[in-house]
Amino acid sequence: MSAVPDPVDGLGDGSDEALQRAHAALLSNKPEPTEGYPVMPLFLLGLLSSLVFVGSIYFLHFRGGLSALVYDERFDPNTASKSAVVAQVDPVAAGKRLYNQPGACVTCHQANGMGIPGAFPPLVGSEWVLGSEERLIRIVLHGLAGEIKVKGVVYNSVMPAFGEGGGFNWNDERVANVLSYIRHEWGNSASLVDKAKVTEIRTQAAAGRNKAWTAAELEAIP
Ligand code: HEC
């Protein structure tokens with residue numbers, strides 16, 4: 001046979017040598033077989049695992065209580081809600097809402113605090129509103145009955161209890177707020193009433209009281 005290369009497939013003349021050369025060339029292109037795991041997939045697995053790990057930690061920190069209303073990712077419903085609400089309560093504004101509740105003070109003393117001549121005494125400029133907290137708190141906690149003089153005019157009727165025994169049963173904070181309101185509205189200007197003072201009178205000084213006060217009883221209290 002001649003050694004002239006085959007012009008069609010380039011493998012030579014088909015001799016054994018030519019075949020061996022052609023196979024050797026093909027084999028040398030294949031990667032050498034290795035032991036153990038290939039490096040690249042291991043690296044990717046590690047990268048993915050660490051992404052999942054870091055992602056979980058991020059999620060736990062910034063999940064915002066999983067609330068649909070939360071758009072601040074640092075919002076923590078356990079601490080945020082309480083402090084925000086407490087800081088916003090204005091006793092005078094809260095007291096105004098209580099004063100104007102249906103059936104509450106507004107019904108008798110009116111929105112302008114002037115009362116109704118001959119029936120309900122005024123709160124504007126009243127010595128009872130601007131004077132002793134001790135008396136004022138008792139009036140709203142337990143009610144008032146009998147003769148009372150307000151700004152020189154005598155009234156003789158009944159005011160219901162708001163702290164206990166009446167239909168309202170307001171807690172100490174509400175009583176303090178409504179009194180703070182009437183001491184600050186319509187040009188009235190006296191100190192705010194402290195919730196702790198209401199608590200003290202309800203649970204100590206006037207503990208067990210279950211009927212309306214009379215003006216005479218209140219006047220005996222400084
Ligand atoms: C059902 C009508 C009625 C309601 C409701 C009512 N009062 Fe009175 N209030 C009276 C009457 C009547 C007197 C006078 C009582 C008397 O004659 O002994 C009075 C007296 C007072 C006095 C002392 C006198 C004065 O004018 O300063 C104050 C203070 C007072 N009320 C505040 C309030 C507050 C605050 C509320 C709401 C928490 C309220 N009252 C709800 C009828 C009412």
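Read the numbers this way: they start at 1 and go in the same order the structure lists the ligands and their atoms. In this text the structure is predicted, and so the values were computed from the model without any measurement.
- Applying the 4.0 Å criterion to heavy atoms of Gly146 picks out, from ligand 1, the atoms 16 (C), 17 (O), 18 (O).
- The nearest heavy-atom contact from the protein to atom 17 (O) of ligand 1 is Ser157 N, 2.8 Å.
- Applying the side-chain hydrogen bond (donor to acceptor under 3.5 Å, both in side chains) test to residues at least two apart or on different chains, the pairs with a partner in residues 150-168 are Glu164-Arg202.
- Applying the side-chain hydrogen bond (donor to acceptor under 3.5 Å, both in side chains) criterion to Lys96, with sequence neighbours excluded, gives no partner residue.
- Looking at atom 24 (C) of ligand 1, its nearest protein heavy atom turns out to be Val150 CG2, 3.7 Å.
- Between the side chains of Ser189 and Arg183, no donor-acceptor pair of N or O atoms lies under 3.5 Å.
- Minimum interatomic distance between Glu219 and Arg135 (heavy atoms only, all atoms of both residues): O-NH2, 3.5 Å.
- Among the atoms of Trp170, none of the N or O lies under 3.5 angstrom from an N or O of ligand 1.
- Regarding atom 26 (O) of ligand 1, its nearest protein heavy-atom neighbour is Pro122 O, 2.6 Å.
- You'll find the side chain of Leu144 reaches within 4.5 Å of the side chain of Leu218, heavy atoms only.
- The pair Glu217-Arg138 does not meet the salt-bridge criterion, since no charged nitrogen lies less than 4.0 angstrom from a carboxylate oxygen.
- Under a 4.5 Å side-chain heavy-atom criterion applied to ILVMFWY residues, the cluster that includes Leu47 comprises that residue alone.
- Interface of Ala104 with ligand 1, defined as ligand atoms under 4.0 Å from a residue heavy atom, comprises 5 (C).
- For the pair Ser126 and ligand 1, the shortest N or O to N or O distance falls below 3.5 Å.
- Within the protein, the number of N, O or S atoms lying under 2.8 Å from atom 8 (Fe) of ligand 1 is 2.
- Taking every non-hydrogen atom of Val129 and a distance limit under 4.0 Å, the qualifying atoms of ligand 1 come out as 27 (O), 29 (C).
- For ligand 1 and Asn156, the ligand atoms under 4.0 Å from any heavy atom of the residue are 17 (O).
- Nearest protein neighbour of atom 29 (C) of ligand 1, counting heavy atoms only, is Leu136 CD1, 3.5 Å.
- Heavy atoms of Ile148 found under 4.0 angstrom from ligand 1 belong exclusively to the side chain.
- The two residues Leu192 and Pro91 come nearest to each other via the heavy atoms CD1-CG, 4.3 Å.
- For ligand 1, the atoms lying closer than 4.0 Å to a non-hydrogen atom of Trp128 are 23 (C), 27 (O).
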